[in-house]
Amino acid sequence: MGFDTFKLAKLTIEGYEDAKRALAPFDTFEAQYNPETLSMRHQSVFAAHPAPGETANGGAWSHSPPARLTVNLIVDGTHVGHTSAEQLGRRLGGLGPLPSVAEQISHLLATCYRVRGKTHEPAHLRLRWGHAIGGAHPSGRPAAAPCFDCRLESVDITYQAFHRDGSPLHAELAAVFVESLPASREAALTNRSSPDLTHRRVVVAGDTLPLLCREIYGSQAYYLRVAQVNGLDDFRALTPGQELIFPPFERARRS
């Protein structure tokens, strides 16, 4: 199917139950109105204790946290952006009336925020908005229609107008999404295959600190030092979803 240059591309959020996003999404939320602005934050973290002669911002690179995308969405129940003919067409087409503000917000939260019964965690997400969202195809190739694989970090909902019965008429949603890639894809994109580089890992069920150290350093001998770097009181108590930093101990030892 070709790209329709006359069709307004809407920002959509697809919900997946697995991190690879290989199967069809279980649900898709479409923004009622496209945002006026969208911001993306990329950050580099440098060593807290730089070597002599280096500044705190000019020291050795430590790691790059996941990118963060911030977007403000408008949800309106006055239907000011929909003509009477459009609303009538929905009813005649069996689509029913336009969803209310409460229904739209509930749909967004069900897609992005609520814990899924099968996985016992919120969904993995993929944001699409024509060519507006930078990113790459999951294969790593440049994408014809870029996407942003992520999870919802937070959403602040501000209600601004109400019906006489108290139901909301207008709301603004300030949402923050944090990049979330399968471990295999992140490793391919960052090419972090050496113990000479700082590694970042998200804990999954079954992970232990000694095993992760063996995978990254080739030896589990560093697990106590990794626990200290990450401020772990008990190296055995790892929580799925927890992010750990594995510094380049080999490079530090040779220095």
Side-chain angles (χ1 to χ4, degrees), residues 1 7-35 37-41 65-77 90 95-96 98-141 143-159 168 171-186 188-189 202-205 239-243:
M1 181 180 295
K7 182 178 180 180
L8 177 63
K10 288 292 190 71
L11 185 148
T12 59
I13 306 172
E14 300 171 353
Y16 297 83
E17 291 188 340
D18 67 301
K20 293 182 178 179
R21 302 165 177 83
L23 303 177
F26 65 81
D27 202 357
T28 299
F29 174 85
E30 182 178 281
Q32 184 180 10
Y33 303 103
N34 279 332
T37 61
L38 181 150
S39 64
M40 187 85 74
R41 178 179 175 84
R68 276 173 167 73
L69 184 150
T70 302
V71 62
N72 292 329
L73 300 175
I74 301 296
V75 180
D76 188 84
R90 285 182 59 90
L95 299 177
L98 292 165
S100 67
V101 169
E103 289 170 337
Q104 292 184 68
I105 292 176
S106 179
H107 185 191
L108 174 70
L109 295 178
T111 304
C112 305
Y113 172 72
R114 294 197 177 95
V115 174
R116 305 289 300 168
K118 293 182 180 179
T119 60
H120 307 292
E121 61 178 354
H124 301 267
L125 307 174
R126 175 167 289 165
L127 269 66
R128 300 184 187 273
W129 187 15
H131 293 262
I133 296 179
H137 188 274
S139 66
R141 301 187 302 272
C147 58
F148 184 67
D149 287 350
C150 57
R151 305 185 87 169
L152 178 68
E153 181 177 85
S154 65
V155 57
D156 295 323
I157 305 172
T158 303
Y159 297 99
E172 292 190 6
L173 288 69
V176 179
F177 298 90
V178 59
E179 187 175 31
S180 174
L181 305 176
S184 58
R185 183 183 169 202
E186 182 181 16
L189 292 176
V202 176
V203 175
V204 299
T239 304
Q242 178 181 13
E243 186 178 84

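By convention here, the first residue in the shown sequence is residue 1. Just so you know, these numbers use all the heavy atoms, side chains as well, and skip hydrogens, waters and symmetry mates.
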* Asked: Can you find a pair of side-chain heavy atoms, one from Asp27 and one from His107, that are under 4.5 Å apart?
  -> yes
* To do: May I ask you to decide if Tyr16's main-chain N or O and Arg116's side chain share a donor-acceptor pair within less than 3.5 Å?
  => no
* Are the side chains of Gln32 and Asp76 in touch, meaning some heavy atoms are under 4.5 Å apart? -> yes
* Structure fact -> Between the CG atom in Leu108 and the CD1 atom in Ile105, the distance rounded to the nearest 0.5 Å is 8.0 Å
* Side-chain donor or acceptor of Asn72 paired with backbone N/O of Pro35 under 3.5 Å -> no
* Got Cys150 and Leu69 here, is their nearest side-chain heavy-atom distance under 4.5 Å? -> no
* Beyond-backbone contact of Phe177 with Leu125, side-chain heavy atoms, under 4.5 angstrom -> yes
* Structure fact -> With Gln104 as partner, the option from Leu173, Val75, Leu73 fulfilling side-chain contact (heavy atoms from CB on, under 4.5 Å) is Val75
* Below 4.5 Å, heavy atoms only, C-beta onward: do Leu152 and Ile13 meet side chain to side chain? -> no
* List the steps and the verdict of side-chain contact (heavy atoms from CB on, under 4.5 Å) for Ser180 and Glu153. => CA-CA 11 Å; Ser180 174; Glu153 181 177 85; over 6 Å; no
* Glu14 vs Cys147 side-chain heavy atoms within contact, under 4.5 Å -> no
* Asked: Hey, what do you get for CD1 (Ile74) to OH (Tyr33), rounding to the nearest 0.5 Å?
  -> 9.5 Å
* Asked: Minimum heavy-atom separation for Glu30 to Lys10, with atom names?
  -> CG-CB, 3.6 Å
* To do: Decide yes or no on side-chain contact (heavy atoms from CB on, under 4.5 Å) for Trp129 and Val71, but give the supporting numbers first.
  => CA-CA 12 Å; Trp129 187 15; Val71 62; over 6 Å; no
* To do: Indicate yes or no: at least one non-hydrogen side-chain atom of Ser154 is less than 4.5 angstrom from one of Val176.
  => yes
* Which heavy atom of Ala171 sits nearest a heavy atom of Ile157, and at what distance? -> CB-CG2, 4.4 Å
* Asked: Is Arg151 salt-bridged to Glu121, cutoff N-O under 4.0 Å?
  -> yes
* Side chains of Val202 and Gln242: closer than 4.5 Å at any heavy-atom pair? -> no
* Structure fact -> Of all heavy-atom pairs linking Ala110 and Phe26, the shortest is O-CE1, 4.4 Å
* **Flag if over 12 foreign heavy atoms under 6.0 Å of CZ, Arg114** => yes
* Any idea which heavy atoms bring Pro122 and Cys112 closest together, and the distance? -> CB-O, 3.9 Å
* To do: To the nearest 0.5 Å, tell me how far Glu172 CD sits from Thr158 OG1.
  => 6.5 Å
